[in-house]
Amino acid sequence: MSQNSAPRPILRFAPSPTGLLHVGNARTALYNALVARREDGTFILRYDDTDTARSTAEFAEAIAEDLAWLGLAPDRVEHQSKRLALYDASVERLKASGHLYPAYESEEELEAKRLSRRRRGLPPIYDRAALALTPAQRAAFEAGGRSPHWRFRLDGRRVEWVDLVRGPQHIETGALSDPVLIRADGSYLYTLTSVIDDIDMGVTHVVRGEDHVTNTAVQTEIFEALGARPPVFAHHNLLTLPSGEGLSKRLGHLSLRALREDGEEALAVAALAVLTGTSMAVEPVADLDTLAARIDFSKISRAPARFDPQELAALTGATLHLLPYAAVGERLAALGVAGGEDFWLAVRGNLARLADAAGWWRVVEGPVAPVVAAEDAAFLAQAAGLLPEIWDGEVYARWIASVKPASGRAGRALFHPLRFALTGQESGPELKALLPLIGREKARARLLGQAA
Ligand code: GLU
């Protein structure tokens with residue numbers, strides 16, 4: 001996939017807008033988007049919204065927003081609900097070639113058939129009774145008010161493909177029910193529309209969760225029935241809750257929205273979503289290109305992987321410690337932090353969440369209520385008197401070099417009272433970086449025990 005001569009890949013993420021994206025969906029989106037980005041390809045966001053009863057415009061918008069939060073910008077956005085004419089044309093072809101056939105059983109009748117097959121020790125697959133219907137029998141059903149659903153006639157053969165994650169795969173489609181591709185109300189199922197779109201959009205790689213492995217056998221037959229060669233498939237393992245329970249969009253598990261509101265960093269979510277459940281170490285990244293470079297389908301594990309929110313919190317901190325000012329400047333401004341790059345570089349190593357930067361900005365800006373113990377007051381007044389006149393990036397080192405011999409203090413007895421007075425706190429970013437930002441006047445006042 002990464003050979004120079006390979007054509008530019010076209011990948012797609014095809015969520016149904018029926019809920020908020022969770023980290024498992026993010027994993028799929030990231031694999032597709034980042035491979036496209038790395039290999040100069042195209043990333044399509046394709047809403048799988050033919051199920052009009054469950055899809056909403058609000059969820060579609062939320063998906064776009066969540067992807068943007070992750071830093072993923074699709075090159076093309078499509079809604080399947082707006083592409084029905086294209087599907088109609090392919091459906092006519094499949095009907096004409098006999099690949100689609102009408103069936104009239106109700107859900108209850110199908111359930112009864114499954115039960116009876118089970119009782120006879122047979123697999124509960126559709127018995128293809130509808131294939132034997134005469135035109136007169138069909139007409140009678142329709143006259144009786146039944147509209148058909150349409151099934152795809154599987155070849156009943158061994159479908160084989162080389163999966164980029166799972167290696168050589170084969171599925172006997174004879175063991176599967178002929179899938180329903182058109183509901184009785186005339187609406188199309190994703191299984192069909194996805195193939196028509198993948199052909200129409202020239203999708204080269206379908207990267208999706210392993211819950212779609214069986215679909216791949218069925219869809220391979222549909223690709224071929226439509227005269228197309230199937231794309232390359234990669235089915236990644238699924239992420240689960242820490243309990244091992246599967247993630248559900250419907251139940252709102254680990255939604256990107258909630259993680260964002262909790263203050264998790266998008267790059268941390270992305271790194272964990274991509275690297276969990278692989279043989280690669282989970283490490284923070286400072287940008288998506290770095291993460292894209294690490295994606296290697298052959299390193300994705302076969303077993304489901306647990307997504308650990310505690311690991312995410314730690315990764316959010318570790319990510320912040322790496323981020324350049326350019327990556328956070330706007331968000332800092334939105335938090336009311338007016339400090340620039342020097343401030344950011346001074347505090348980033350102490351943040352668990354970006355919002356913590358606001359607290360350190362208040363320390364710089366003041367007013368800070370200094371903490372001065374009675375026994376340190378004289379020492380701090382002496383230190384205030386020694387504050388250098390030249391206030392540059394090296395001011396702290398010069399100051400300490402004079403405070404040390406003058407006071408005779410060293411180590412904790414020297415540094416702890418200074419920090420407590422200057423910041424009002426016992427620990428925090430290096431004073432070396434904070435002092436130039438606090439400024440001479442405020443530093444002096446705080447050392448003298450005055451709020452400033
Ligand atoms: N809407 C399907 C899903 O979200 C798309 C699967 C596919 O990528 O083909 O699981």
Side-chain angles (χ1 to χ4, degrees), residues 9-36 41-56 59-60 62-64 66-67 70 72 74 76-83 87 152 159 161 163-166 169 171 179 181 183 187-223 226 228 230-240 246-256 273 297 300 304:
I10 300 177
L11 299 103
R12 86 300 192 276
F13 174 54
S16 52
T18 55
L20 292 172
L21 296 183
H22 55 56
V23 284
N25 305 130
R27 182 178 182 79
T28 311
L30 284 156
Y31 281 142
N32 282 287
L34 295 184
V35 166
T42 302
F43 171 53
I44 303 170
L45 167 60
R46 192 173 73 206
Y47 292 106
D48 170 0
D49 60 354
T50 51
D51 180 351
T52 48
R54 293 171 57 231
S55 303
T56 73
F59 281 131
I63 287 171
D66 289 345
L67 292 179
L70 283 175
L72 307 183
R76 178 175 172 186
V77 179
E78 296 288 350
H79 293 79
Q80 291 199 311
S81 57
K82 297 182 185 156
R83 298 170 56 81
Y87 308 144
F152 181 82
V159 171
W161 75 94
D163 195 288
L164 293 184
V165 176
R166 301 160 61 91
Q169 302 287 299
I171 288 183
L181 297 188
R183 298 184 189 90
S187 64
Y188 298 141
L189 276 101
Y190 136 83
T191 323
L192 171 66
T193 53
S194 172
V195 171
I196 299 172
D197 278 341
D198 287 343
I199 296 171
D200 184 65
M201 297 173 189
V203 168
T204 57
H205 296 79
V206 169
V207 182
R208 58 187 180 183
E210 65 183 8
D211 47 335
H212 288 289
V213 168
T214 306
N215 278 343
T216 293
V218 169
Q219 290 181 319
T220 295
E221 287 206 11
I222 302 176
F223 273 104
L226 287 168
V232 173
F233 287 96
H235 294 89
H236 63 75
N237 56 352
L238 299 181
L239 297 182
T240 71
L247 294 177
S248 155
K249 212 194 264 176
R250 192 172 48 79
L251 298 178
H253 288 146
L254 289 176
S255 75
L256 295 180
F297 290 123
I300 296 177

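Start at 1 and go down the list; that is how both ligands and their atoms are numbered.
Of all protein heavy atoms, the one lying nearest to atom 2 (C) of ligand 1 is Ala14 O, 3.4 Å. Atom 8 (O) of ligand 1 has as its closest protein heavy atom Arg12 NH1, 2.6 Å. The nearest heavy-atom contact from the protein to atom 3 (C) of ligand 1 is His212 NE2, 3.7 Å. In terms of protein heavy-atom proximity, atom 6 (C) of ligand 1 is closest to Tyr190 OH, 3.2 Å.
Between Pro15 and Phe59 there is no side-chain heavy-atom pair separated by less than 4.5 Å.
Note on ring orientation: taking the six-membered ring where Trp is involved, the planes of Tyr188 and Tyr87 are perpendicular (angle over 60°, cut-offs 30° and 60°).
Sparse packing is recorded around CZ of Arg54, with 12 or fewer heavy atoms of other residues, nucleotides or ligands lying under 6.0 Å away.
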Is there a side-chain contact (heavy atoms from CB on, under 4.5 Å) between Tyr190 and Gln219? Walk through the geometry before answering. CA-CA 10 Å; Tyr190 136 83; Gln219 290 181 319; 3.9 Å; yes
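Each of the following atoms of ligand 1 lies closer than 4.0 Å to a heavy atom of Arg208: 7 (C), 8 (O), 9 (O). In summary, the atoms of ligand 1 found under 4.0 Å from a heavy atom of Asp48, numbered by their order in the structure, are 1 (N), 2 (C).
Contacts classified as salt bridge (Lys or Arg N to Asp or Glu O under 4.0 Å) and involving residues 10-34 (residues at least two apart or in different chains) are given here: Arg12-Asp198.
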